[in-house]
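Computed over heavy atoms, backbone and side chain alike; hydrogens, waters and symmetry mates excluded.
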Amino acid sequence: MVQKVKKEKNQILSKKETNTSPRPWPNLPKELTSLISNEQSLMENISFGGVTKSWRSAKSKSCSPRGKFLWPQLTEIQQSTNHSHCFHIWFYTGDYWPYGRRWRTWKDPWIYFKGHSHGQLIAVGHYPDDIFLWKSYRGTYCELPTWDTRVPFKFAALSTFHPMDLQGHGKTCITMVLTGASSPAFVFCKMGVGKECVWKKQDCNVTDPFGSGEHFQFVNAIGFNGKFYALSLQGTVAVIEEIDSCLKLTKISSSRAVPSIISRQFKEILVESEGEILLIFLISKRSIKKVDDVEIYRLDIPKLLWVKMESLGHRTLFVKEECCMWINANKLGCRSNCIYFTQQMGENWWLFDMQEKAISPVPQSSLFGIETLMEN
């Protein structure tokens, strides 16, 4: 009898999971996605993902995250990765699709999004060993080699633009997958004209200087100028380059990427903006359900040092679950020098003003100032 009840319960749960609607991505305000559909190059301003971390109990007397000797350890707050996605922007694809304007849905071969670099979406298909690269606003895509499903697929990034964009320039592109473990630490394949594309697994036997003796576990990364800049679970940034057909750590930071203030947890997001790598922290100081502070850093690449930014200038950031986008506010006619974000609980938008250093709710009628552009 107990087995029968358990079986029926599993069937109900399975049915619920099957009926779960795909999650739209990029899940930005409709006014902004409308702008992207008209100015398709804005897709290159969007990054995927974000990692939420919290502090483990530390043995050190000081609980400051920037202690000099005994480092409090971080743990990742695991987010649900079982949900499927659907692409949430209309594009007029012109000659690339005979049907002109096309809405991408879960019926396409890619359904689980894992990364977005340089306007390219990296996704897993209906079968977990099918991996795709898709340039959304051109309607072109290619299938990568079959994935070994015994290896975790946590996050993916591209070192540069897709080889289709580099044809005739003699350049290549690397797709790197982070596993969240140290063995293998990452899996990569090299693409280019005349290149055989195969997945290569690689361990990382280097000890994280801010860990407690463990090897590096990378949880976040961004491709920039042909290299990867990866963040470990403990906040160390490492430069990863291809040398002799292998990915190697060529430089490791001497400082830690964590907020400057004490917090219960924080979410970190990487995005490339105007030739800079930015790191955004959405910080929860009092309650894990509420963001009550924001910090933004830029990476000083030669020194591999995170420098806190006091102003974004003409830029504005939009941060949503699994999505971050920057825009030139002057060009698009919306408010500058601020970050729009949503809380963990709820869909309403909040505004962090970089000048005032204050957070305030965004009235639904304001449309972030974008309605001015839509009318022009």
**OP:** Could you give me the CA-CA distance, side-chain angles and deciding distance for His116 and Glu44, then say whether side chain to side chain donor-acceptor pair (under 3.5 Å) is met?
**Re:** CA-CA 9 Å; His116 188 265; Glu44 296 176 9; over 6 Å; no
Does [X] reach the side chain of [Y], with side-chain heavy atoms less than 4.5 Å apart?
X	Y	value
Gln343	Trp350	yes
Val258	Trp55	yes
Phe153	Ile131	yes
Thr316	Asn337	no
Met354	Ile339	yes
Asp203	His215	no
Asp353	Arg335	yes
Ile77	Lys267	no

Side-chain ([X]) to main-chain ([Y]) donor-acceptor, under 3.5 angstrom:
X	Y	answer
Asp292	Lys285	yes
Trp25	Glu322	yes
Thr75	Arg56	no
Arg315	Ile327	no
Glu295	Ser260	yes
Ser54	Arg264	no
Ser182	Ala185	no

Problem - Interatomic spacing from CD1 in Ile111 to NE2 in His85 - rounded to 0.5 Å - result: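 So the CD1 of Ile111 and the NE2 of His85 are separated by 10.0 Å.
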(request) Supply the atom-to-atom distance Leu32 CG to Ser37 OG, rounded to the nearest 0.5 angstrom. (result)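 If I round to the nearest 0.5 Å, the distance is 10.0 Å.
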**Study point:** NZ/NE/NH1/NH2 to OD/OE distance under 4.0 Å, Lys201 and Asp148
**Key:**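 Salt bridge present between Lys201 and Asp148.
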Considering all heavy atoms of both residues, which atom of [X] and which atom of [Y] are nearest to each other, and what is their separation?
X	Y	result
Pro184	Val151	CG-CG1, 3.9 Å
Lys357	Glu310	NZ-OE1, 3.3 Å
Glu214	Gln73	OE1-OE1, 4.4 Å
Leu74	Gln234	N-OE1, 2.8 Å
His88	Pro26	CB-O, 3.9 Å
Val319	Trp349	O-CZ3, 3.6 Å

Under 3.5 Å, is there a donor-acceptor pair between the Asp208 and Thr236 side chains?
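Per modelled atom types, Asp208 and Thr236 side chains form a pair under 3.5 Å.
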For this session: Please determine, by modelled atom types, if Ser47 and Glu272 share a side-chain donor-acceptor pair under 3.5 angstrom.
Result: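 Side-chain D/A pair, Ser47 to Glu272: absent.
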More than 12 heavy atoms of other residues, nucleotides or ligands under 6.0 Å from [atom1] of [X]: yes or no?
X	atom1	result
Gln355	CD	no
Lys251	NZ	yes
Lys227	NZ	no

Just to verify, which of Tyr127, Trp199, Tyr112 counts as forming a ring-ring contact (aromatic ring centres under 6.0 Å, His included) with Trp147?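 So, applying the ring-ring contact (aromatic ring centres under 6.0 Å, His included) to Trp147 and each of Tyr127, Trp199, Tyr112, only Trp199 qualifies.
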**Q.** Option among Val51, Ile222, Leu279 that satisfies the side-chain contact (heavy atoms from CB on, under 4.5 Å) test with Leu231
**A.**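 For Leu231, the side-chain contact (heavy atoms from CB on, under 4.5 Å) check succeeds only for Leu279.
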*asked:* The criterion is side-chain hydrogen bond (donor to acceptor under 3.5 Å, both in side chains); which residues satisfy it with Asn328, sequence neighbours excluded?
replied: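 Asn328 satisfies side-chain hydrogen bond (donor to acceptor under 3.5 Å, both in side chains) with no other residue.
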With sequence neighbours left out, write down each residue that passes side-chain hydrogen bond (donor to acceptor under 3.5 Å, both in side chains) with Asn330, or none if nothing qualifies.
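Partners of Asn330 under the side-chain hydrogen bond (donor to acceptor under 3.5 Å, both in side chains) test: none.
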Practice item. Give a yes or no on whether the ring-centroid distance for Phe341 and Phe318 is below 6.0 angstrom. Key: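 They do not qualify: ring centres at least 6.0 Å apart.
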Do Val271 and Phe352 share a hydrophobic cluster, counting only Ile, Leu, Val, Met, Phe, Trp and Tyr and linking them when any side-chain heavy atoms are less than 4.5 Å apart?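 In one cluster: yes.
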| task | Take Thr250 and Glu241, measure what side chain to side chain donor-acceptor pair (under 3.5 Å) needs, and give me the verdict at the end. | result | CA-CA 7 Å; Thr250 58; Glu241 299 181 65; 2.7 Å; yes
With Gln202 via side chain to side chain contact (heavy atoms under 4.5 Å, CB included) - residues at least two apart
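Listed in chain order: Phe186, Phe188, Cys246, Leu247.
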